[in-house]
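Notes for the one structure printed next.
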Amino acid sequence: MSQAPSCNPPHSSSVPIPAASQHTSPCQACGACCAFFRVSFYWAEAAELNARWVEPLTPHLSCMAGTNRKSPRCEALGGQVGQHVACSIYAQRPSPCHELQAGDEKCQRARAAHGLPPLA
Ligand code: SF4
Ligand code: SF4
């Protein structure tokens, strides 16, 4: 992948966005990495996902729809970045989304790009 992977905003299949008082993870008030990186993965992973969420990238790579843009935003991300967000396919999210961890370098870079303070 040409850029770093994405993150873990906790899910909802119908994307109800949790109120701030219900947040159990900093990701629920963030979503920055879902709207910063191109989320690409080996094409075979796409078989686990509904086609609406996937775009072809190369003969061997696919990406999350919406993330291969000048201003990326994964189409599976519901809510408002930096406020309240949820991943609509959390249980099926691709490997890059598992790999990126809250507080790691990529997380901090995405947060900074969205004007959010670094995680402690
Ligand atoms: S940028 Fe960090 S805190 Fe924000 S959603 Fe991604 S992993 Fe979570
Ligand atoms: S699939 Fe979910 S966790 Fe991964 S980038 Fe999209 S919204 Fe974020």
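Worth saying up front: this structure is predicted, and the values here are computed from it rather than measured. All ligand and atom numbering here is 1-based and tracks the order in the structure.
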Using a 4.0 Å cutoff against the non-hydrogen atoms of [X], which atoms of ligand 1 qualify?
| X | answer |
| --- | --- |
| G31 | 4 (Fe), 5 (S) |
| A102 | 7 (S) |
| C33 | 1 (S), 5 (S), 6 (Fe), 7 (S) |

Measure across [X] and [Y] and return the closest heavy-atom pair with its distance rounded to 0.1 Å.
| X | Y | value |
| --- | --- | --- |
| C30 | R111 | SG-NH1, 3.3 Å |
| A102 | C27 | CB-SG, 4.1 Å |
| K106 | L100 | CB-CD1, 3.7 Å |
| H114 | A35 | NE2-O, 2.8 Å |
| G31 | V81 | O-CG2, 4.0 Å |
| G103 | L119 | N-CD1, 3.6 Å |

Below 2.8 Å, can you find an N, O or S atom of C107 next to atom 6 (Fe) of ligand 1? no

Test of understanding: given a 4.0 Å heavy-atom threshold, classify the contact between [X] and ligand 1 as side chain, backbone, both, or neither.
| X | result |
| --- | --- |
| L100 | side chain |
| R111 | side chain |
| L119 | side chain |

Counting each atom of ligand 2 from 1 as listed, which ones have a heavy atom of [X] under 4.0 Å away?
| X | result |
| --- | --- |
| C87 | 1 (S), 2 (Fe), 3 (S), 7 (S) |
| M64 | 1 (S) |
| I89 | 1 (S) |

In the structure I gave you, are the side-chain heavy atoms of H84 and Q28 within less than 4.5 Å of one another anywhere? no

Between the candidates C27, C34, C30, which shows the shortest non-hydrogen contact distance to atom 4 (Fe) of ligand 1?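 Answer by nearest heavy atom: C30.
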
Considering only heavy atoms, which of A65, P72, C74 lies nearest to atom 6 (Fe) of ligand 2?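 Shortest heavy-atom distance from atom 6 (Fe) of ligand 2: C74.
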
Evaluate the criterion side-chain contact (heavy atoms from CB on, under 4.5 Å) for residue pair S95 and Y42; output intermediate values, then yes/no. CA-CA 9 Å; S95 56; Y42 184 58; over 6 Å; no

Just distance, no hydrogens or angles: give the donor-acceptor pairs under 3.5 Å from side chains in residues 61-72, sequence neighbours left out.
residue	atom	partner	partner atom	Å
T67	OG1	V39	N	3.1
T67	OG1	M64	O	2.8
N68	OD1	R38	NH1	3.4
R69	NH2	E75	OE2	2.7

From C97, does some N, O or S atom reach closer than 2.8 Å to atom 4 (Fe) of ligand 2?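 Short answer: yes, at least one N, O or S atom is under the cut-off.
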
